[in-house]
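Keep in mind that the numbers below use all heavy atoms, side chains included, and drop hydrogens, waters and symmetry copies. In each ligand, atom 1 is the first atom listed, and ligand 1 is the first ligand listed. Quick caveat: nothing in here was measured; it's all calculated off a predicted structure.
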Amino acid sequence: MDMTPERWRATCAYLGGVFGPLGEPIDGQLATLRQRAAAAGLPDIAVSPDVGRLLMLLASMAGPDGAGARLAVELGTLGGYSALWIARGLAPGGRLVTVEPEAKHADFAQGEFERAGMAARIELRRGLGAETLARLLAEHGPGSFDFVFLDAVKSEYATYAALASRLLRTGGLLVADNCLGSRWWITDAPDADPTAERDREAMDRFNRWLAGPTSGFLCACIANREGLAVARRVAPPGTP
Ligand SMILES: C[S@@+](CC[C@H](N)C(=O)[O-])C[C@H]1O[C@@H](n2cnc3c(N)ncnc32)[C@H](O)[C@@H]1O
């Protein structure tokens with residue numbers, strides 16, 4: 001069956017409707033979060049509901065013996081939409097650290113975490129992704145995290161991944177959004193916009209490294225929406 005633009009649009013609508021919502025108590029909040037964030041002036045670039053549900057599922061199996069993640073980190077909070085999904089997959093007592101440099105985004109997200117009764121489980125750090133990962137490494141030590149989600153600056157994914165390699169325990173999961181596209185698409189000809197082209201090239205290099213034999217990860221790309229790379233750390237933290 002060929003994928004036409006019409007079929008792709010219908011597929012995305014189906015995915016969102018069927019594989020997005022989970023049910024109360026917090027679905028009412030999640031269902032309106034992206035709309036309310038856009039009305040508050042935040043960019044409308046959160047993950048889709050079906051990707052949110054997938055993040056929850058992956059976080060719920062990222063801990064030892066397939067249990068939920070005990071310690072997770074997300075780069076790129078925006079309004080807190082993906083963070084709330086990830087937090088639903090944590091182990092009992094588990095915590096998510098989410099990182100956001102924009103005060104307006106962070107303020108909105110913090111309000112959502114409180115409204116969802118999740119503020120004790122989600123720690124919002126106002127800062128830059130790479131610096132915060134380095135700080136978490138110093139605070140918690142190598143191999144201390146079960147789950148890492150990358151959704152910040154696309155051209156910095158390689159830097160994030162190098163730090164995440166040290167932060168993740170062997171068996172932990174690295175998940176990266178936009179590994180196929182954003183305003184650019186991975187298989188398109190070079191983009192006329194230099195920023196888009198920088199991101200496209202950086203993501204191609206990141207994908208090839210992650211999928212290659214030296215990364216220390218076993219990985220696959222889920223080709224829904226803009227592409228989600230899912231990788232399990234198989235080498236000890238900090239190697240190769
Ligand atoms: C695609 S949005 C994140 C969407 C969010 N994960 C969701 O699905 O709900 C990217 C976010 O990364 C933030 N950001 C920008 N530069 C960053 C950096 N250096 N480190 C961490 N986050 C950054 C942006 O302000 C923006 O809120």
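In terms of N/O distances under 3.5 Å, ligand 1 is approached by H105. Some N or O of G76 is nearer than 3.5 Å to an N or O of ligand 1, by distance alone. When only interatomic distances are considered, the shortest N/O to N/O separation between V153 and ligand 1 does not fall below 3.5 Å. Considering backbone and side-chain atoms alike, G79 places every N or O at 3.5 Å or more from each N or O of ligand 1.
At a heavy-atom distance under 4.0 Å, only backbone atoms of T77 (N, CA, C or O) approach ligand 1.
Annotation: side chain of F149 is in contact with side chain of I86 (closest heavy-atom distance under 4.5 Å).
Annotation: cation-pi geometry not satisfied between R53 and F19 (NZ/CZ under 6.0 angstrom from ring centroid, within 45° of ring axis).
The closest approach between any non-hydrogen atom of R34 and ligand 1 is not below 4.0 Å.
The closest protein non-hydrogen atom to atom 20 (N) of ligand 1 is G129 N, 2.8 Å. Residue, atom and distance of the protein heavy atom nearest to atom 8 (O) of ligand 1 are V47 N, 2.8 Å. Scanning the protein heavy atoms around atom 9 (O) of ligand 1, the nearest turns out to be S82 N, 3.1 Å. From the protein, the heavy atom lying nearest to atom 26 (C) of ligand 1 is E100 OE1, 3.5 Å. At the top of the distance list for atom 23 (C) of ligand 1, counting protein heavy atoms only, stands P101 CD, 3.3 Å. Nearest to atom 4 (C) of ligand 1 among the protein's heavy atoms is D151 OD2, 3.2 Å.
If you number the atoms of ligand 1 from 1 as listed, the ones under 4.0 Å from a heavy atom of L78 come out as 3 (C), 4 (C), 5 (C), 27 (O). Residue-ligand proximity, A46 to ligand 1, at heavy-atom distances under 4.0 Å covers atoms 7 (C), 8 (O), 9 (O). Short contacts between ligand 1 and L128, defined as distances under 4.0 Å to a heavy atom of the residue, involve ligand atoms 19 (N), 20 (N). Residue E74 has at least one heavy-atom neighbour below 4.0 Å for each of these atoms of ligand 1: 6 (N).
Panel note: side chain E74, backbone D151; no donor-acceptor pair is recorded below 3.5 Å. Side chain of R232 to main chain of T170: no donor-acceptor pair is present (N/O by atom type, distance under 3.5 Å, no hydrogens or angles). Between the side chain of E102 and the backbone N or O of K104, no donor-acceptor pair lies under 3.5 Å. A donor-acceptor distance shorter than 3.5 angstrom exists from the side chain of R34 to the backbone of V47, with no hydrogens or angles considered.
Aromatic ring orientation, Y81 versus W85: perpendicular (interplanar angle above 60°, classes split at 30° and 60°).
When all heavy atoms of P190 and R200 are compared, the pair lying nearest together is CA-NH2, 3.8 Å.
Applying the 6.0 Å contact sphere to CD of E139 captures more than 12 heavy atoms from other residues, nucleotides or ligands.
Under 3.5 Å, the side chains of T98 and E123 contain no donor-acceptor pair of N or O atoms.
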